[in-house]
Amino acid sequence: MNAQELTLNIAVNLGRIGRWACESRRGRLEQFMKETEGFIAALDKAPKSVRFQKTFDAFLIGFEDLKKNVRLDSVWAETMFTWANILTHRARLA
């Protein structure tokens, strides 16, 4: 997969993770977090544009914080939805 495809896969999974958080489904949330971490690792190694790299760096910081502080509430989920939206729109720059 190229950087754009990986970015879109991450964005889709973030939406799913947010939904599972809202539904208090920790098992599914953890499953998709692990899958997403794999996509992130692949994207980290993939060639990316300079413009997208700034977004990716910010996302990495935000995702690590979210991963360390998983909460099954709407505020945590909304942050996942926000990153999903940002990455969806920025994927074309990847």
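Linking Ile, Leu, Val, Met, Phe, Trp and Tyr residues whenever their side-chain heavy atoms come within less than 4.5 Å leaves L8 and M33 in two separate clusters. The cluster map of Ile, Leu, Val, Met, Phe, Trp and Tyr, joined by side-chain heavy atoms under 4.5 Å apart, puts L6 and V12 in different clusters. Note on F81: it does not cluster hydrophobically with F32, by side-chain heavy-atom contacts below 4.5 Å among ILVMFWY residues.
Taking every heavy atom of both residues into account, A94 and Q4 meet most closely at CB-N, 3.8 Å. Nearest heavy-atom pair, A11 versus A84, reported as atom, atom and distance to 0.1 Å: O-CB, 3.3 Å. When all heavy atoms of C22 and S74 are compared, the closest pair comes out as SG-CA, 4.5 Å. Among all heavy-atom pairs drawn from R92 and H89, the shortest one is NH1-O, 3.1 Å.
A donor-acceptor contact shorter than 3.5 Å is absent between the side chain of S24 and the backbone of W20.
Residues Q31 and E35 form no side-chain contact, since every pair of their non-hydrogen atoms from C-beta on lies 4.5 Å or further apart. Inter-residue side-chain proximity for L29 and L72 is flagged as met; some heavy-atom pair is nearer than 4.5 Å.
Atom-to-atom distance recorded for R71:CZ and L66:CG is 8.5 Å, nearest 0.5 angstrom. To the nearest 0.5 Å, atoms CD1 (I10) and CG (N13) are separated by 8.5 Å. The line from CD1 of I17 to CE of M80 is 4.5 Å long, rounded to the nearest 0.5 Å.
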Below 3.5 Å, can you tabulate the donor-acceptor pairs from side chains in residues 46-63 to any protein atom, sequence neighbours excluded?
| from | atom 1 | to | atom 2 | distance (Å) |
| --- | --- | --- | --- | --- |
| K48 | NZ | L43 | O | 2.8 |
| K48 | NZ | D44 | O | 3.1 |
| K48 | NZ | A46 | O | 2.8 |
| S49 | OG | F52 | N | 3.1 |
| S49 | OG | L93 | O | 2.4 |
| Q53 | NE2 | D57 | OD1 | 2.7 |
| T55 | OG1 | R90 | NE | 3.0 |
| T55 | OG1 | R90 | NH2 | 3.2 |

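Pairs engaging residues 4-25 under the salt bridge (charged side-chain N to carboxylate O under 4.0 Å, His left out) rule: E23-R25 [sequence neighbours left out].
Ion pair E64/K67 flagged as a salt bridge, since at least one NZ, NE, NH1 or NH2 atom sits closer than 4.0 Å to an Asp/Glu carboxylate oxygen.
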